[in-house]
Structure formats: structure tokens, C-alpha cells
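Below, read A as the first sequence line, B as the second, and so on, with proteins coming before strands; counting in each chain starts at 1.
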There are 2 protein chains.
Amino acid sequence: MDRLNQKLIEKLKKSGERITPIRRALIENFCNHPKPQTPQELLTNLEKKGLMANKTTVYRQLEILVQIGIIQEINFSDRSKRYELSSKDHHHHLVCQNCKKVEDINLDNDLDRQEKKIWKKNHFKVLQHSLEFFGLCNRCQ
Amino acid sequence: MDRLNQKLIEKLKKSGERITPIRRALIENFCNHPKPQTPQELLTNLEKKGLMANKTTVYRQLEILVQIGIIQEINFSDRSKRYELSSKDHHHHLVCQNCKKVEDINLDNDLDRQEKKIWKKNHFKVLQHSLEFFGLCNRCQ
DNA sequence: GGATAATTTGCAACTAAGTTGCACTAGAGT
DNA sequence: ACTCTAGTGCAACTTAGTTGCAAATTATCC
Ligand SMILES: [Mn+2]
Ligand SMILES: [Mn+2]
Ligand SMILES: [Zn+2]
Ligand SMILES: [Zn+2]
């Protein structure tokens, strides 16, 4: 966990970005929270750690961290986007509509096959996809 | 096309809703435009037909039409949600990132299988999912 | 057709997410 | 320590969507 933290800071540095308290805190936060977070939630979490950041800054940092590939954007069809550490294995989510718990799920081979089919059938070149499942977790049924 | 129109008006009426010019126009619009539209686009399209509607009204009608099941909400991860006629066969979309063209695509058996697997493995009851593909259409590659 | 009651509509004011320009601050290399 | 550039905060703005309420419209009953 702390190793990951260091590794990501290195990655930031190598991309030519400066290491600032806010960036450090954001990365640390992402390393410790597996659940995809909204900018608003991030802002609150930073405050809890005693760092009064500005929302403009958070939005700007999120954009940069996405570009570098440290985090990724996820869409749960609510008002605002969410962000989580980008993992090596591309995955999707099971979102409980009741308790809001989020589970990771991995079914990538299948999606790859789909995209190849799409290429053959529709001559459409898929560059990315979004897939999320909504329902009830084992506790909430 | 015109038959469909009538059928949907009937469905509205049976659900206890009144038939108003705006509702008529909205349904007609959905019948004639296959592409998923934003509330803003809908508003503009109604205006083109000479119907000056209010945005509040459009938002309220969209909510009702979704509840009745006449239209469905789609999320292309942009700023605003989109709406299209709900078809009998649940489907997904290929969205061209260049020309914004939208193609329908049907791969439901596979998703059903996935959801059964998810049930067995994670004990998560999937109630709905969102899946959209983004990339380049045959013309734009 | 006209009165009535309940829906629907429009308006204005509001919330919430996100963006922009600009002046000020603070990292990193010398 | 100095300098230059990148990062930050603030205020003002945009855009999507929501809410309360008064006025207009629809369906129903006579
Ligand atoms: Mn995840
Ligand atoms: Mn469609
Ligand atoms: Zn749950
Ligand atoms: Zn295209």
C-alpha cells in the first residue's frame, strides 16, 4: 500500500509534474480508498486530513491524474463522475442501489470478444467502453 | 411509424395521463428520431415544429415517459442524459467519438449469461446494467 | 355545449457540478 | 538564495436539473 503510493508519486514526477501537498494527499487518498469517489467526496476527504483544498484545484488535478493514467473516470449515471486508481486489469463494477456498496468485477475476455465481433459485423472500431451493473448486494436483497 | 405513434398515445392514456400538445409532440419526435436525444435537443426539436415548450415541462414529461416505459434513459458519459424510444429488445450503442453517429447493437444473450455468473459468484442480484461502446465508425477511421 | 375538479404548464428563483481568467504562491533546478 | 514555471485560490460564470406556486388546460359529468 505504501509502496504503491511511492510508485505513483514517482510516476507523477517522471511525467514532469511537481510534487505538491495536494497531489500527495490525493494519491494517498486514492491508495487508501478502493471505492470510486466524486470530486466532492475527495474534497471532503482531504479536509478530514486537515488539507483545505479548493475545488478548482481538485478538478484540475483529477484531469491531470487521468491523463497520466494514475486514475480513471467512472460513470455510475448519477450527477457527478467518479474516480478510482486505475488497475492493471481493466474491470467493471457491481453497484448496490440500496447501500451504495461497490464491488469490482472482472469479465474482460468476454468484452474483448464482443468488440472483435463488432469490428467484423459493423466495421466499428471500439476504443473504449463503459459497463456497470446496478442491483442489490447479498446483504441488501 | 404513425401506427406506433398512435399506440404510444394509447399507452399514455391508459396510464391515466392526459393527452396534451406537448406530450403528443414529444412522442411524435421520439418516433421520428432514432438517435438518443438530450433534453436540450428535444426542446430545440419541439421549437422547430413551432411548439415553444418550457424546459421544466420537458424534464417533467421525460420522467413520466420513462416511468410508463415509453422511453428509456441512456448515458453516454457526457454532461447530460439522453432519451430514446424503448424498444422491445434491450440493446446497446456504438457511439462514434468523431461524427457522433449512434448505432444500435444487440448482444443481450451474452449479458444475461454474465449476470447469471455474477449471481452465482458474487451473490449480487443485477437489476439493470449500462453498456455503451465508444470509438470510430466505418466512415471516421 | 358549459361547469367542475384535477392535471399540466410556465415562470422565476434556486441548487449543484463544473469551468475560466487572473493574480498570487510555492516547487525544482541552478 | 534566485529565478522561472507550474500550481493554487478566488470570484465570477456556465450549464443541467429542480422546486414552489399561480395560471392555463384537459377530461369528466351533467
Ligand atoms: Mn474499481
Ligand atoms: Mn438505441
Ligand atoms: Zn447493498
Ligand atoms: Zn463517425
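- A straight line from CD1 of A:Ile68 to C1' of D:dA6 spans 13 Å, rounded to a whole angstrom.
- When all heavy atoms of B:Trp119 and B:Phe124 are compared, the pair lying nearest together is CE3-O, 3.5 Å.
- Under 3.5 Å, the side chains of A:Glu84 and A:His93 contain a donor-acceptor pair of N or O atoms.
- Chain A approaches DNA chain C within less than 4.0 angstrom (heavy atoms of the protein), and the contacting nucleotides run 5' to 3' from C:dA17 to C:dA28.
- When rounded to the nearest whole Å, the span between NZ of A:Lys81 and C1' of D:dT15 equals 14 Å.
- Taking every heavy atom of both residues into account, A:His129 and A:His90 meet most closely at NE2-NE2, 3.0 Å.
- The backbone N or O of A:Phe134 sits nowhere less than 3.5 Å from a side-chain atom of B:Gln128 that would complete a donor-acceptor pair.
- A heavy-atom distance below 4.0 Å to DNA chain D is reached by these residues of residues 34-56 of chain B, ordered by number: B:Pro39, B:Lys55, B:Thr56.
- The structure places CG of A:Leu8 at 9.0 Å from CG of A:Leu65, a figure rounded to the nearest 0.5 Å.
- For DNA chain D, the residues of residues 10-29 of chain A within the heavy-atom distance limit of 4.0 Å (strictly under) are A:Glu17, A:Arg18, A:Thr20, A:Ile22, A:Arg23, sorted by number.
- Going from atom CD of A:Gln61 over to atom C1' of D:dG7 covers 7 Å, rounded to whole Å.
- Not one N or O on the side chain of B:Arg23 forms a donor-acceptor pair closer than 3.5 Å with the backbone of B:Gln61.
- Side-chain atoms of B:Glu17 do not come within 3.5 Å of backbone N or O of B:Leu12 as any donor-acceptor pair.
- When rounded to the nearest whole Å, the span between CZ of B:Arg79 and P of D:dT14 equals 13 Å.
- Judged by distance alone, the side chain of B:Lys81 and the main-chain N or O of A:Ser77 form a donor-acceptor pair under 3.5 Å.
- With a 4.5 Å cut-off between side-chain heavy atoms of Ile, Leu, Val, Met, Phe, Trp and Tyr, the cluster of A:Leu127 takes in B:Leu136.
- The two residues A:Ile27 and A:Ile9 make their nearest non-hydrogen contact at CD1-N, 4.4 Å.
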When you compare the protein's N or O atoms with those of nucleotides 21-23 of chain D, which come within less than 3.5 Å of each other, and at what distance?
none

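- Within the hydrophobic cluster formed by Ile, Leu, Val, Met, Phe, Trp and Tyr side chains joined at under 4.5 Å, directly or through other members, B:Met52 stands alone, with no partner residue.
- To the nearest 0.5 Å, atom OG1 of residue A:Thr38 and atom CD1 of residue A:Ile74 are 12.0 Å apart.
- Under a 3.5 Å cut-off, the side chain of A:Ser86 and the backbone N or O of A:Gln72 do not form any donor-acceptor pair.
- In this structure, B:Glu63 atom CD and D:dT18 atom P are separated by 7 Å, rounded to whole Å.
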